[in-house]
**Student:** 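Provided herewith is a single structure, encoded as structure tokens, for subsequent inquiry.
Small disclaimer: the values here were computed from a predicted structure and weren't measured. This chain uses plain numbering: 1 for the first residue, then up along the sequence.
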Amino acid sequence: MLLEVERLALELRGPLGGLEEAIIALVDGEGLPPGLSPEILFEGGMPRMRPVLVVLAGRAAMQVEADPQAAFEVAAIAEMLQGAIRLHDVTLGRRDGRRRRAARRVLRGAGSLLGANHLTLRALELARRAPAPEILGETLELLRDVGAGHALSEALRTRPATIADSLLFAEEHSGALFAFTCRAGGHLVDAGRPAITGLGRYGRHVGIAWKLAEDLALFDPSVGGRQLAHNAAAARPVFPVAWANAQDPEIDALWRRLGGGGYDAAVATELTERVRSLGGLGAGREAMVRETWAARRALRPFPPSPARDSLDRLAASLATAA
């Protein structure tokens, strides 16, 4: 999947050239809270999936090129909001955790996604001046979805996550963000309502599949248990864990132990082995394949084109990875 995204990103270098440098320039020195480096927003490099979707969605809807500057700004909106989500997620660790205390101190109480978050405000400024007025509404809808996802995380501090919770969380995070990029790409070329709806459906399903892939990656031996523990501390539902807990309610006790104190490698190992033995990883792969097929079905009404084929390959590559 990542190789396919990288290949497409290289092909689209013209419309999106300099994206990483430009976004850093937008936030660097523009009032980020003291002590917060812009580099934290782009740990691991700039994820290119969302910018690629902006351009391909517009091409698939109308088979024309969106205005390069407009496409650039929509991609910037998506990346800024992803950065804002990442920063806000840091504040959702254990209530007494060092990461959470440090993040809240740095953000000076601006942990709320709709609070004084610099990246969110800059994204809204860009959306307000976008050539398609619908993009501002799409941005606000995205923020509502992500806010609901954060509320779900807080609710899950007092009860086990269900399978439905984990899928809803995926939909309200990467699903909502990918749907935004695809719908915005359609708006930039004045696509009609049916096309916008189809693009949004494609993006939402691909986003859910992307989150499921991230959940599965937490159980890769090369990753180790610390990322799994971080998700547990943030009360972030992870599909294989939720599925395994539906088979054996004792899984939730292990999950809370993993996220409730200092990192315990033995607890992480026990949880991983039990989730595997209960079939949680296989269930996660099946769910991811279902989402990718739903995404590919959403593309059927679109006329054949290289852009539609590229979107289809992106979804298919996720299914292949499963």
**Student:** Is the closest side-chain heavy-atom distance between Ile251 and Leu271 below 4.5 Å?
**Tutor:**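 When only atoms from C-beta onward are counted, Leu271 and Ile251 do touch, with a gap below 4.5 Å.
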**Student:** What do the steps show when you test Arg128 against Glu125 for salt bridge (Lys or Arg N to Asp or Glu O under 4.0 Å), and what is the final call?
**Tutor:** CA-CA 5 Å; Arg128 185 178 60 182; Glu125 288 173 2; 5.7 Å; no
**Student:** Quick one: pull up CD in Glu154 and NE2 in His150 and give me the separation to the nearest 0.5 Å.
**Tutor:**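 So the gap between those two atoms works out to 9.5 Å.
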**Student:** Just so I know, are the side chains of Leu167 and Leu212 near enough to count as touching, which here means a heavy-atom distance under 4.5 Å?
**Tutor:**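 Side-chain contact under 4.5 Å: yes.
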**Student:** Going through the checks in order, is the side-chain contact (heavy atoms from CB on, under 4.5 Å) test met by His173 and Leu177?
**Tutor:** CA-CA 6 Å; His173 277 67; Leu177 193 58; over 6 Å; no
**Student:** Indicate the atoms forming the closest heavy-atom contact of Gly207 with Ser174, along with that distance.
**Tutor:**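 Closest approach of Gly207 to Ser174: O-OG, 2.6 Å.
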**Student:** Are there more than 12 heavy atoms of other residues, nucleotides or ligands under 6.0 Å from atom CZ of Arg159?
**Tutor:**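 Yes - once you tally the heavy atoms of other residues, nucleotides and ligands closer than 6.0 Å, there are more than 12.
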**Student:** Let me confirm one number: the CZ-CZ distance from Arg256 to Arg157, rounded to the nearest 0.5 Å.
**Tutor:**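 Here the rounded value is 9.5 Å.
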**Student:** Output the distance between atom CZ (Arg236) and atom CG (Leu152), rounded to the nearest 0.5 Å.
**Tutor:**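 With rounding to 0.5 Å, CZ (Arg236) is 12.0 Å from CG (Leu152).
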**Student:** Begin from the C-alpha positions of Leu216 and Arg285 and carry the test side-chain contact (heavy atoms from CB on, under 4.5 Å) through to its verdict.
**Tutor:** CA-CA 8 Å; Leu216 290 168; Arg285 293 186 187 97; 3.8 Å; yes
**Student:** For a quick check under 3.5 Å, do Arg274 and Ser277 share a side-chain donor-acceptor pair by atom type?
**Tutor:**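 Distance-only check fails for Arg274 and Ser277.
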**Student:** Assess the residue pair Thr272 and Leu218 against the criterion (side-chain contact (heavy atoms from CB on, under 4.5 Å)); give the C-alpha distance rounded to whole Å, side-chain angles, the decisive distance to 0.1 Å, and a yes or no.
**Tutor:** CA-CA 9 Å; Thr272 298; Leu218 294 172; over 6 Å; no
**Student:** Side chains of Asp252 and Val241: closer than 4.5 Å at any heavy-atom pair?
**Tutor:**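 They are not in side-chain contact.
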**Student:** Would Asn231 and Trp255 satisfy side-chain contact (heavy atoms from CB on, under 4.5 Å), going step by step from the backbone distance to the final call?
**Tutor:** CA-CA 9 Å; Asn231 279 265; Trp255 181 245; 4.1 Å; yes
**Student:** Short question: side chain of Glu172, backbone of Gly149 - any donor-acceptor pair under 3.5 Å?
**Tutor:**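 Yes; judged by distance alone, with no hydrogens or angles, the pair exists.
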**Student:** Just checking, Arg296 and Trp293: is the charged tip under 6.0 Å from the six-membered ring centre and within 45° of the axis?
**Tutor:**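 Geometry flag: set, cation within 6.0 Å and 45°.
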**Student:** Could you tell me whether the side chain of Arg201 and the main chain of Ala298 form a donor-acceptor pair under 3.5 Å?
**Tutor:**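 No, because the side chain of Arg201 does not come within donor-acceptor range (under 3.5 Å) of the backbone of Ala298.
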**Student:** Please give me the minimum heavy-atom distance between Ala287 and Phe239, naming the atom from each residue.
**Tutor:**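 Ala287 and Phe239 have their closest heavy atoms at CB-CZ, 3.8 Å.
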**Student:** How far apart are the closest heavy atoms of Pro160 and Asn245, and which atoms are they?
**Tutor:**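 For Pro160 versus Asn245, the nearest heavy atoms are CB-ND2, 3.7 Å.
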**Student:** Would you mind reporting whether Leu258 and Leu254 have side-chain heavy atoms less than 4.5 Å apart?
**Tutor:**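 SC-SC contact between Leu254 and Leu258 ruled out.
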**Student:** With rounding to the nearest 0.5 Å, note down the distance linking CD in Glu171 to NE2 in His205.
**Tutor:**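 Atom-to-atom, Glu171:CD and His205:NE2 are 8.0 Å apart.
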**Student:** Mind checking whether Ile135 and Leu188 have side chains closer than 4.5 Å, heavy atoms only?
**Tutor:**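 Touching, per the 4.5 Å side-chain cut-off.
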**Student:** Quick one, Arg204 and Asp145 - any side-chain contact, counting heavy atoms below 4.5 Å?
**Tutor:**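 The answer is yes; the side chains approach within 4.5 Å.
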**Student:** For a quick test of reading the model, state the closest non-hydrogen atom pair linking Leu56 to Ser310 and the distance between them.
**Tutor:**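 In terms of heavy atoms, the two residues are closest at CD1-CB, 3.8 Å.
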**Student:** Measure the CG-CG distance between Leu318 and Leu314 for me, rounded to the nearest 0.5 Å.
**Tutor:**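 Between Leu318 CG and Leu314 CG, I get 8.0 Å after rounding to 0.5 Å.
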**Student:** Measuring from Ile196:CD1 to Glu138:CD, what's the distance to the nearest 0.5 Å?
**Tutor:**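 With rounding to 0.5 Å, CD1 (Ile196) is 7.5 Å from CD (Glu138).
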**Student:** Please report the shortest heavy-atom distance between Ser153 and Ala235, naming the atom on each side.
**Tutor:**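 Smallest heavy-atom distance, with atoms named: O-CB, 3.3 Å.
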**Student:** Does Arg313 pair with Asp309 as a salt bridge, N-O distance under 4.0 Å?
**Tutor:**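 Salt bridge flag = no for Asp309 with Arg313.
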**Student:** Ignoring hydrogens, what is the shortest heavy-atom contact between Tyr202 and Cys182? Give both atom names and the distance.
**Tutor:**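 Closest approach of Tyr202 to Cys182: CD2-SG, 3.9 Å.
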**Student:** Are any of the side-chain heavy atoms of Leu311 and Phe302 separated by less than 4.5 Å?
**Tutor:**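 Not in contact.
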**Student:** Does the side chain of Val238 come within less than 4.5 Å of Phe219's, by heavy atoms?
**Tutor:**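 Yes, their side chains come closer than 4.5 Å.
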**Student:** Using a strict 4.0 Å threshold on nitrogen-to-oxygen distance, state whether Asp215 and Lys211 make a salt bridge.
**Tutor:**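 The answer is yes: the pair qualifies as a salt bridge.
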